[in-house]
Amino acid sequence: MENHKLWGGRFAEATSPCLEKLNRSIDLDKRLYEEDIEGSKAYAKALLKIKLLTEDETEAICDGLDIVKVEWKKGIFNILQGDEDIHTANERRLKELIGAPATKLHVGRSRNDQVVTDMKLWMRSNLRLLDEHLRGLISIIVHRASHELEVMMPGYTHLQRAQPVRWSHYLLSHAWNLKNDSDRLGEILKHTNIMPLGSGALAGNPFNIDRLSLAAALNFDDITQNSMQAVSDRDFIAEFLFWASVVGIHLSRLAEDLIIYSSKEFEFVTIGDSYSTGSSLMPQKRNPDSLELIRGIGGSLFGQCCSFIMVLKSLPSTYNKDLQGDKEAMFTTFDKLTSILEVTAGTVKTLKVNPGKCKSALSFEMLATDVAYYLVRKGVPFREAHHLAGQVVAAAEEKGVNICDLTLEELKLISNHFGVDIGKVWNYENSIEQYQATGGTSKSSVLKQIEKLQSWLGKILPTEK
Ligand code: ARG
């Protein structure tokens, strides 16, 4: 039997190799080595305060843990067969390095409060990294939007031509979603930054450890108030996974739009060479693989969320080993989301917009709503105006011409309110410029959006305390 198992005392026989393999989480949770060491050092100092460690022992533990950290950093930490998880591995190595004092470190602590503390520390810094990626992408979009204000394109609903809009307005629609994602991330950070350490296995800490100063030392905002709740709480992971799924949906939507817009049928945009791939068979192909990967992975993020929620469902109170799966969900989601955020940023930055193609996709029937608005401005109630504009569309269809080619006489047959000034309606820019109210596609409104997002981006990130 391995002598460094943390729980080997009451067992006479060795663990079955197949269980040992299934139980082992070190290959994944070694990513928490730094957080585990940070938590242990702070815990050792808290033990010193309540005299469960001497000054010398505390110093030996902290110095030893620093050596362990360097070993991980340099990639020379030797993982042994019996290293079940990162907590076991670090403690085993510490004992090899400093001997007896290492065996006192775990007093009053359990891997149950240790693991969730490590994860919260990891999440805290990595959520900030994700936020930087999000902001980077938003600033690329805002930059494009401010330089491509004059490009007009069809806006679609149901993927049918609806109303003319500015390309910048379209682009910014994605930036606003991502900004909301960033705001939501701030909320998750708040929920995450509550320290569970000092909850023990489930009942609490029997040595009256000073949890508040421990939390302050680890830069947590607060401490959990119920040890049984604290060791089982993975809501911050569930929230993160759900959040990542929503970001995935947003990126997938943008990717899907751009896949359509980059097709020969549209040609609104050309994806940069560095973000497209070719076909091994058809030499003419330029495939938007980057965008397809974003779209696909965007969906698989929800798979992680769904599968972890299913793990949580029906668990009894406090810690259960099912929870060990939380790391896989957390790391996979983080890695996948990071890579699609990077690729989205690169793709959006390098794509070329083709203003001519965008404009030539505009067609006069897209101004039918404007005909109704023209009549409304002449005092016709909207429902009636909508009906009359419908008649204009039908008359043009019947005659086989564009609505703008109907003569004033023909229009007057439909409504007496039509006058020569209807000519001004047959202009896409005029159509776009009507939408001056906040949130619309007029130039002034788009400029306001750009200004708002720029000032939001300029705000300093909540720094690591
Ligand atoms: N590796 C474990 C996990 O990630 C640590 C907690 C183990 N606790 C226990 N009671 N077996 O969940």
Side-chain angles (χ1 to χ4, degrees), residues 1-2 4-11 13-40 43 65 68 72 77 79-95 105-124 126 192 195-206 224 226-238 240-241 304 307-335:
M1 184 164 70
E2 296 86 1
H4 61 268
K5 266 204 167 71
L6 297 180
W7 41 266
R10 53 109 57 227
F11 291 89
E13 286 172 29
T15 316
S16 143
C18 65
L19 174 58
E20 186 110 25
K21 191 167 159 221
L22 187 65
N23 194 31
R24 225 171 116 91
S25 59
I26 185 76
D27 294 330
L28 277 176
D29 61 26
K30 62 184 179 192
R31 276 177 81 168
L32 297 172
Y33 78 85
E34 211 164 345
E35 289 73 17
D36 195 65
I37 287 169
E38 193 187 344
S40 287
Y43 194 70
L65 285 170
V68 179
W72 280 113
F77 186 100
I79 299 173
L80 300 185
Q81 183 56 33
D83 289 343
E84 190 179 312
D85 53 25
I86 185 63
H87 328 293
T88 319
N90 281 344
E91 196 176 320
R92 187 263 308 157
R93 183 68 186 128
L94 182 66
K95 191 175 165 210
L105 171 63
H106 207 56
V107 58
R109 189 174 67 165
S110 156
R111 281 182 297 162
N112 296 358
D113 57 350
Q114 190 177 356
V115 69
V116 66
T117 304
D118 291 1
M119 288 177 77
K120 284 186 164 187
L121 289 172
W122 190 90
M123 279 276 280
R124 201 171 68 184
N126 287 283
T192 303
M195 188 192 75
L197 196 57
S199 298
L202 80 162
N205 187 285
T224 54
N226 180 302
S227 57
M228 294 180 80
Q229 182 270 343
V231 294
S232 60
D233 177 27
R234 297 295 184 277
D235 292 0
F236 66 106
I237 302 291
F240 166 61
L241 300 178
Q304 290 290 341
S307 95
F308 186 61
I309 301 266
M310 287 314 292
V311 171
L312 293 181
K313 162 76 179 68
S314 299
L315 284 188
S317 281
T318 82
Y319 181 81
N320 299 271
K321 201 55 176 273
D322 320 42
L323 290 175
Q324 186 159 274
D326 54 8
K327 259 82 66 195
E328 187 178 357
M330 179 175 84
F331 292 137
T332 308
T333 299
F334 174 81
D335 292 342

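Ligands are counted one by one from 1 in listed order, and the atoms in each one are counted from 1 as well. Keep in mind that this is a model prediction, so the values were computed, not measured.
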Practice task
Please work out whether the ring planes of F334 and W122 are parallel, tilted or perpendicular, with thresholds of 30° and 60°.
Solution key: perpendicular
Exercise for the section: For atom 7 (C) of ligand 1, find the nearest protein heavy atom and state the residue, atom name and distance (0.1 Å precision). Expected result: Y319 OH, 3.6 Å
Completion exercise
among protein heavy atoms, the one nearest atom 5 (C) of ligand 1 is D85 OD2, 3.5 Å
Fill in the blank from the handout: Filtering R234, Q324, Q114 for the heavy atom nearest atom 1 (N) of ligand 1 leaves Q324
Practice task
Could you list which atoms of ligand 1 come closer than 4.0 Å to a heavy atom of S25?
Solution key: 1 (N)
Problem - Any K327 heavy atom less than 4.0 Å to ligand 1 - result: yes
Practice task
Taking atom NZ of K321 as the centre, report whether more than 12 heavy atoms of other residues, nucleotides or ligands fall under 6.0 Å from it.
Solution key: yes
Practice task
May I ask you to identify the nearest protein heavy atom to atom 11 (N) of ligand 1, giving residue, atom name and distance to one decimal place in Å?
Solution key: R111 NH2, 3.7 Å
Handout entry: Cation-pi, F308 ring and R234 (6.0 angstrom, 45 degrees)
Key = no
Handout entry: Partner of L121 by side chain to side chain contact (heavy atoms under 4.5 Å, CB included), out of M123, R124, M119
Key = R124
Problem - Candidate list D27, D29, D118, test side chain to side chain contact (heavy atoms under 4.5 Å, CB included), partner K327, passing option - result: D29
Exercise for the section: Using a strict cut-off of less than 4.0 Å between a Lys/Arg side-chain nitrogen and an Asp/Glu carboxylate oxygen, indicate whether D36 and R111 qualify as a salt bridge. Expected result: no
Problem - Closest protein heavy atom (residue, atom, distance) for atom 8 (N) of ligand 1 - result: N112 OD1, 2.9 Å
Problem - Heteroatom distance test (H87, ligand 1): nitrogen or oxygen, under 3.5 angstrom - result: no
